Structure formats: structure tokens, C-alpha cells
Amino acid sequence: MFEPDFSGAEVCPSPNFGGRRDGQKPDALILHYTGMETGESAQDWLCAPESEVSSHYLVHEDGHIVQMVREADRAWHAGRGSWQGRDDVNSWSIGIEIANAGHPQDLPDFPEAQIKAVLELGLDICRRHGILAKRVLAHSDIAPGRKVDPGEKFPWQRLAAAGLGHFVAIAPIPGGRVLGSDDGGPAVLALQRLLQRYGYGIAITGIYDRQTQTVVREFQRHFRPLEVSGLADVTTCEILRKLLYN
């Protein structure tokens, strides 16, 4: 047993953790959904030795917060992924699992009490660790093609307006070129370079290949949730540019 890092959390220790490698400190916050039918079943799984997964926190549907791993330790929440060229995400991040059945159950809405709890917890974590808004990420950001959580219904814009996370809202821009499957050339190169510069793990190929479409789709899932198509229209590209310079 340990004392919670967040004063509003109940402690339910998970055996699934280790030390952060090479003395790394948490400088990012990763948000997930559990993808299980209930928060209780998710908590049982995250605390089961045989699952070999865990998270620092779980936020239940009613807003109840449970801490399973100390923030100083390396929880096993992110799996394979990278951001800004760094892998071993678990060693430099804190993970919050949010109880939600996810896409297999048509992505249920996140209850109001739950979102308020995520906001309070996330702001507290970022304040204590000096985590920047641009470093509050979706699981789908650090593992595009492998993960899609917390999904396009997660209210990133609302959280960013309250100080948690990075978001730019712009009106749709009509017309212009839409980049898609098998397109190539300078426009695709520029898009790939901007995505990589923001943080996404993407190869610079100059071709709008499957990897590029996947990364664009996950970018939209976070930053343009009403248009998760994997096609890079003018609006998507403008959001990306504004995120880089805001």
C-alpha cells in the first residue's frame, strides 16, 4: 500500500509496474479508455498479475478515481509507441485509464462526473510535474494504427479550454486540394514533416501511403473529431500548422 499522489484518489495497488528507465521523469500525460464493459471489470484486470497491464489511475464512470501505481513508478499502460522520436513511452509518462466500453460498443458518451474528475486529476498531475499542454496526449497519438482511444467522442476541446491539453478550433475551410491514397509530391512531403515535427511517428516518404493515412486519421480523431477520414483536406492541414505555432 502507498499514499496516493492525488489527494482525491483511492489506492488499489497493481503488481504490474517497475522502475522508470535511465532515471527518466514523467513529462507527458497519456489518456486512454479501458475498452471494457464496466469500470469495476477494468480495475480488476489492471490489478491482476496475469494481465501484465496497469495504469497510474483509473477514473470510473461516476468520477471515482483509483490510483494503482505510484507516479514515481513505471506503469504498463502505453505499450509500443513513440512521440517526438522517443519510445518506451511508459518511462516518461503518466497514464490515466477512463472507464468506457469504447469503439466495440459504439463508443458510449463520457459521463459529466467522469470528465470533471479527469480534468481535476489531469490538471493536478500536470501542475505537479510541469507537463506542458502539448504533452497531454491520446493513446492513439503515440500508437497510431494500433490504438484508437480515448476516441473521437472524448471532449479534448473542452478540456483544453479549461487548461488541460492542446487544441485549436477553426471553422471548416471550403475548397482546396485534398490529399489521399497514393498522392505524392511536395504537398505530401510537407504534411509528413509537419506531423513528424508535432510528434507523430511517421516515415517521410513523399507518398500518401497507408501509414500516412493512419496517422492523419488519428490526428483527426484528437484534433478534428467530426471528420475522421484519414484524408488531409485544407482544414486538417491548417489545424496542424496552428497547433505547431500556438
Side-chain angles (χ1 to χ4, degrees), residues 6 9-10 12-17 28-69 74-83 87-90 93-119 121-122 125 136-159 164-165 200-201 213-226 228-230:
F6 176 70
E10 173 194 354
C12 180
S14 171
N16 305 325
F17 71 93
L29 178 63
I30 313 296
L31 303 186
H32 311 250
Y33 66 44
T34 57
M36 301 184 73
E37 288 192 6
T38 67
E40 290 302 324
S41 60
Q43 183 172 326
D44 289 345
W45 183 242
L46 291 164
C47 292
E50 65 271 19
S51 74
E52 298 186 346
V53 294
S54 63
S55 186
H56 293 93
Y57 294 95
L58 169 66
V59 180
H60 284 271
E61 298 90 340
D62 63 357
H64 179 58
I65 298 170
V66 175
Q67 184 171 4
M68 293 166 285
V69 176
R74 180 180 181 274
W76 302 345
H77 63 97
R80 290 182 293 104
S82 68
W83 191 254
D87 56 12
D88 187 17
V89 177
N90 287 334
S93 68
I94 290 172
I96 298 176
E97 288 277 359
I98 303 164
N100 186 285
H103 289 85
Q105 298 295 324
D106 296 322
L107 194 57
D109 291 335
F110 294 88
E112 179 68 16
Q114 187 180 53
I115 293 302
K116 286 182 176 179
V118 170
L119 179 59
L121 172 61
I125 291 170
V136 179
L137 305 168
H139 199 186
S140 53
D141 291 323
I142 59 99
R146 190 174 69 82
K147 293 295 181 179
V148 295
D149 56 308
E152 57 273 20
K153 284 189 178 180
F154 190 73
W156 288 105
Q157 183 174 356
R158 173 182 169 184
L159 266 62
L164 183 65
Y200 289 91
Q213 185 170 353
T214 297
V215 171
V216 169
R217 184 176 63 245
E218 299 316 319
F219 173 83
Q220 292 170 328
R221 202 181 301 279
H222 184 158
F223 297 106
R224 197 182 178 202
L226 297 179
V228 184
S229 65

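Throughout, numbering of the chain's residues begins at 1 and tracks the sequence. What you are looking at is a predicted structure, and each value in this text was computed from that prediction instead of being measured. Scope of the values below: all heavy atoms of this structure, side chains included, with no hydrogens, waters or symmetry mates.
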Enquirer: Quick check: closest heavy atoms across A9 and Y57, and the distance to 0.1 Å?
Expert: CB-CE2, 4.2 Å
Enquirer: Under the criterion side-chain contact (heavy atoms from CB on, under 4.5 Å), I'd like the reasoning laid out for V53 against W45: C-alpha separation, chi angles, the key distance, then a yes or no.
Expert: CA-CA 8 Å; V53 294; W45 183 242; 3.7 Å; yes
Enquirer: Look at the side chain of D62 and the backbone N and O of H64, then say whether any donor-acceptor pair between them is shorter than 3.5 Å.
Expert: yes
Enquirer: Please answer whether the main-chain N or O of L46 pairs with a side-chain N or O of S14 as donor and acceptor at a distance below 3.5 Å.
Expert: yes
Enquirer: Look only at the side chain of Q220 and the backbone of S229, and say whether a donor-acceptor pair between them is shorter than 3.5 Å.
Expert: yes
Enquirer: Closest approach of A117 and V59, non-hydrogen atoms and distance?
Expert: CB-CG1, 3.9 Å
Enquirer: To the nearest 0.5 Å, how far apart are CD1 in I65 and CG in L121?
Expert: 4.5 Å
Enquirer: Do E218 and V228 touch side chain to side chain, with heavy atoms closer than 4.5 Å?
Expert: no
Enquirer: Kindly determine whether I125 and I96 satisfy side-chain contact (heavy atoms from CB on, under 4.5 Å), including the steps that lead there.
Expert: CA-CA 10 Å; I125 291 170; I96 298 176; 4.0 Å; yes
Enquirer: Between N90 and A78 (side chain of the first, backbone of the second, donor and acceptor by atom type, cut-off under 3.5 Å), is there such a pair?
Expert: yes
Enquirer: Go through H77 and I30 one step at a time and tell me if the side-chain contact (heavy atoms from CB on, under 4.5 Å) criterion holds.
Expert: CA-CA 9 Å; H77 63 97; I30 313 296; 3.9 Å; yes
Enquirer: Return yes if some donor-acceptor pair links the side-chain N/O of H32 with the main-chain N/O of G95 below 3.5 Å, else return no.
Expert: no
Enquirer: Just so I know, are the side chains of S82 and I142 near enough to count as touching, which here means a heavy-atom distance under 4.5 Å?
Expert: no
Enquirer: Report the distance from atom OG of S140 to atom CZ of R217, rounding to the nearest 0.5 Å.
Expert: 10.0 Å
Enquirer: What verdict does the side-chain contact (heavy atoms from CB on, under 4.5 Å) test give for M68 and L58, after you've listed the backbone C-alpha separation in whole Å, the side-chain angles of each residue and the deciding distance to 0.1 Å?
Expert: CA-CA 8 Å; M68 293 166 285; L58 169 66; 3.6 Å; yes
Enquirer: Do you know the tightest heavy-atom contact between V66 and C12?
Expert: CG1-CB, 3.6 Å
Enquirer: Backbone N or O of E10 within a donor-acceptor pair of the Q67 side chain at under 3.5 Å?
Expert: no
Enquirer: Spell out, as yes or no, whether a donor-acceptor pair under 3.5 Å connects the side chain of E61 to the backbone of P111.
Expert: no
Enquirer: On the 0 to 90° scale, with breaks at 30° and 60°, tag the W156-F154 ring pair as parallel, tilted or perpendicular.
Expert: perpendicular
Enquirer: State whether the number of non-hydrogen atoms from other residues, nucleotides or ligands found under 6.0 Å of E52 atom CD is greater than 12.
Expert: no
Enquirer: Measure the shortest side-chain to side-chain distance between L31 and L29 over non-hydrogen atoms and say whether it is less than 4.5 angstrom.
Expert: yes
Enquirer: Can you name the closest pair of heavy atoms from G102 and N100 and give their distance?
Expert: N-OD1, 2.8 Å
Enquirer: Please find the pair of heavy atoms, one from D106 and one from K153, that lie closest to each other, and give the distance.
Expert: O-NZ, 3.8 Å
Enquirer: So, for H60 and Q43, which heavy atoms are closest and what is the spacing to 0.1 Å?
Expert: NE2-OE1, 2.8 Å
Enquirer: What's the separation between atom CD in E97 and atom NE2 in H139, rounded to the nearest 0.5 Å?
Expert: 8.0 Å
Enquirer: What's the spacing between D149 CG and I98 CD1 if we round to 0.5 Å?
Expert: 9.0 Å
Enquirer: Salt bridge or not for R221 and D141, using N-O below 4.0 Å?
Expert: no
Enquirer: Any chance CZ of R158 has more than 12 other-residue heavy atoms, nucleotides or ligands included, within less than 6.0 Å?
Expert: yes
Enquirer: Between the main-chain N or O of W76 and the side-chain N or O of S54, is there a donor-acceptor pair closer than 3.5 Å?
Expert: yes
Enquirer: Parallel, tilted or perpendicular, judged at 30° and 60°: which one describes the rings of H103 and Y33?
Expert: tilted
